[in-house]
**Student:** 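Sharing a structure below in structure tokens format, with a few things to ask.
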Amino acid sequence: MSSYWLLKSEPSVFSIDDLAHSPGQTTCWEGVRNYQARNFLRAMTVGDQAFFYHSNADPPSIVGIVNIVKAAYPDRFAWDSRSKYFDQNSSRDNPAWFMVDVKFAKKFSTPLPLDSLRDIKGLENMELLRKGSRLSVQPVRKPEWNVILTLA
DNA sequence: GCCAACGTTGGC
DNA sequence: GCCAACGTTGGC
């Protein structure tokens, strides 16, 4: 039984087009530095799907779908002192942070702006729409997934 | 640019 | 263990 997720990225840093133009249309999803988000990353399995969300965008929107193609493994950027994701508390012996690999699956012909999702029936409890929600990796319930697919 | 919401840090 | 201070996220 596969699961559904939502991944946030600032398009000025890494957009869905960047992913589509990456080698093999695949990238590692590095830089998650929040424990709850990390735990969701570790719960992912190959075959899971995720919405690709553009945060800090105009307008912030769900823009497509990616597939999880590699389950969680240590985030090596946490070990790189030159990386902005460096964390001295993460060691090779005892990694604190993890990443998965995601592959481009689909770009919606029309993005779904955050604002347009707020009054959609069936999305009332979606994490993305919760006031103050900041999780960059979040689970999506199957009914929510299906509602959004229908919209797209 | 503002600021609300949230997570983390560290003094006590 | 509490909580104030601080830093970050991300919508607006």
Side-chain angles (χ1 to χ4, degrees), chain A residues 3-22 27-44 48-68 71-141 143-152:
Chain A
S3 301
Y4 302 97
W5 310 93
L6 181 143
L7 297 169
K8 293 184 185 176
S9 181
E10 299 189 29
S12 61
V13 176
F14 190 81
S15 71
I16 193 163
D17 290 327
D18 292 329
L19 176 60
H21 296 130
S22 295
T27 191
C28 58
W29 202 263
E30 80 279 11
V32 170
R33 296 292 179 270
N34 168 285
Y35 287 104
Q36 200 179 352
R38 180 205 64 182
N39 292 343
F40 288 134
L41 278 184
R42 291 204 292 197
M44 291 179 180
D48 286 359
Q49 291 179 286
F51 288 128
F52 196 116
Y53 177 81
H54 281 171
S55 62
N56 267 317
D58 187 21
S61 311
I62 298 177
V63 294
I65 295 174
V66 301
N67 292 324
I68 310 304
Y73 59 104
D75 183 338
R76 73 185 103 85
F77 294 88
W79 302 330
D80 179 357
S81 60
R82 292 158 306 175
S83 169
K84 64 186 261 199
Y85 300 124
F86 176 68
D87 179 2
Q88 60 177 0
N89 294 320
S90 184
S91 67
R92 280 161 214 271
D93 289 343
N94 189 20
W97 304 113
F98 291 80
M99 54 189 181
V100 297
D101 285 357
V102 304
K103 181 171 184 177
F104 176 85
K106 167 184 282 200
K107 180 180 175 180
F108 294 155
S109 54
T110 311
L112 300 175
L114 180 67
D115 193 47
S116 73
L117 301 175
R118 293 200 180 280
D119 44 12
I120 300 295
K121 192 166 183 296
L123 301 183
E124 295 84 359
N125 298 315
M126 194 175 175
E127 168 67 20
L128 182 69
L129 303 180
R130 232 193 66 240
K131 184 175 165 66
S133 169
R134 299 189 338 187
L135 263 184
S136 63
V137 180
Q138 48 183 262
V140 175
R141 298 175 190 89
E144 296 166 345
W145 180 271
N146 289 334
V147 166
I148 291 169
L149 273 194
T150 303
L151 293 174

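Remember, it's a predicted structure, so these values are computed and weren't measured experimentally. All chains are named by letter (A, B, ...) in the order of the sequence lines, taking the proteins before the strands, and each is independently numbered beginning at 1.
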**Student:** Apply the test side chain to side chain contact (heavy atoms under 4.5 Å, CB included) to residues A:Thr27 and A:Asp18: give CA-CA distance (whole Å), side-chain angles for both, the deciding distance (0.1 Å), then the verdict.
**Tutor:** CA-CA 10 Å; A:Thr27 191; A:Asp18 292 329; over 6 Å; no

**Student:** I'd like to check the ring pair (Phe, Tyr, Trp, His ring centres under 6.0 Å) partners of A:Trp145; sequence neighbours left out, ordered by chain and number.
**Tutor:**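 A:Trp145: ring pair (Phe, Tyr, Trp, His ring centres under 6.0 Å) contacts with A:Tyr4, A:Phe51.
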
**Student:** Under 4.0 Å from any heavy atom of chain A: name the first and the last nucleotide of DNA chain C that qualifies, 5' to 3'.
**Tutor:**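 Listing 5' to 3', DNA chain C meets chain A from C:dG7 to C:dC12.
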
**Student:** Let's see if you get this right: which residues in residues 74-84 of chain A place a heavy atom under 4.0 Å from DNA chain B?
**Tutor:**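 Of all residues in residues 74-84 of chain A, none places a heavy atom under 4.0 Å from DNA chain B.
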
**Student:** Checking A:Phe86 now: which residues fulfil ring pair (Phe, Tyr, Trp, His ring centres under 6.0 Å) with it, not counting sequence neighbours?
**Tutor:**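 For A:Phe86, no residue satisfies ring pair (Phe, Tyr, Trp, His ring centres under 6.0 Å) once neighbours in sequence are set aside.
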
**Student:** Under 4.0 Å, heavy atom to any atom of DNA chain C: which of residues 121-136 of chain A qualify?
**Tutor:**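 When residues 121-136 of chain A is checked for heavy atoms under 4.0 Å from DNA chain C, the hits, listed by number, are A:Arg134.
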
**Student:** Excluding sequence neighbours, so at least two apart, what forms salt bridge (charged side-chain N to carboxylate O under 4.0 Å, His left out) with A:Arg82?
**Tutor:**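 Expected list: A:Asp80.
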
**Student:** Looking at the rings of A:Trp79 and A:Tyr85, which for Trp means the six-membered one, are their centres under 6.0 Å apart?
**Tutor:**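 Between A:Tyr85 and A:Trp79, which both carry aromatic rings, the centre distance is not below 6.0 Å.
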
**Student:** For A:Arg130, what residues pass the salt bridge (charged side-chain N to carboxylate O under 4.0 Å, His left out) criterion, not counting sequence neighbours?
**Tutor:**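 Checked A:Arg130 against salt bridge (charged side-chain N to carboxylate O under 4.0 Å, His left out); matches are A:Glu127.
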
**Student:** Of the non-hydrogen atoms in A:Ser55 and A:Pro11, which two are nearest, and what is the gap between them?
**Tutor:**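 Closest heavy-atom pair between A:Ser55 and A:Pro11: O-CD, 3.1 Å.
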
**Student:** Walk me through it: do A:Glu144 and A:Leu6 pass the test side chain to side chain contact (heavy atoms under 4.5 Å, CB included)?
**Tutor:** CA-CA 11 Å; A:Glu144 296 166 345; A:Leu6 181 143; over 6 Å; no

**Student:** Please identify each residue that fulfils salt bridge (charged side-chain N to carboxylate O under 4.0 Å, His left out) with A:Arg76, with sequence neighbours left out.
**Tutor:**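 In terms of salt bridge (charged side-chain N to carboxylate O under 4.0 Å, His left out), with neighbours along the sequence ignored, A:Arg76 is linked to no residue.
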
**Student:** Which pairs, with at least one residue in residues 94-106 of chain A and sequence neighbours excluded, count as a salt bridge (charged side-chain N to carboxylate O under 4.0 Å, His left out)?
**Tutor:**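 Of all non-adjacent pairs touching residues 94-106 of chain A, none passes salt bridge (charged side-chain N to carboxylate O under 4.0 Å, His left out).
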
**Student:** Could you tell me which residues satisfy salt bridge (charged side-chain N to carboxylate O under 4.0 Å, His left out) with A:Asp17, sequence neighbours excluded, listed by chain and number?
**Tutor:**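 Salt bridge (charged side-chain N to carboxylate O under 4.0 Å, His left out) list for A:Asp17, sorted by chain: A:Lys107.
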
**Student:** Between residues 109-119 of chain A and DNA chain C, which residues have a heavy-atom gap below 4.0 Å?
**Tutor:**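 Nucleic-acid contacts, sorted: A:Leu114, A:Arg118.
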
**Student:** For A:Trp29, enumerate each residue passing the side chain to side chain donor-acceptor pair (under 3.5 Å) test, keeping only those at least two apart in sequence or located in another chain.
**Tutor:**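 Scan of A:Trp29 (side chain to side chain donor-acceptor pair (under 3.5 Å), adjacent residues dropped) gives none.
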
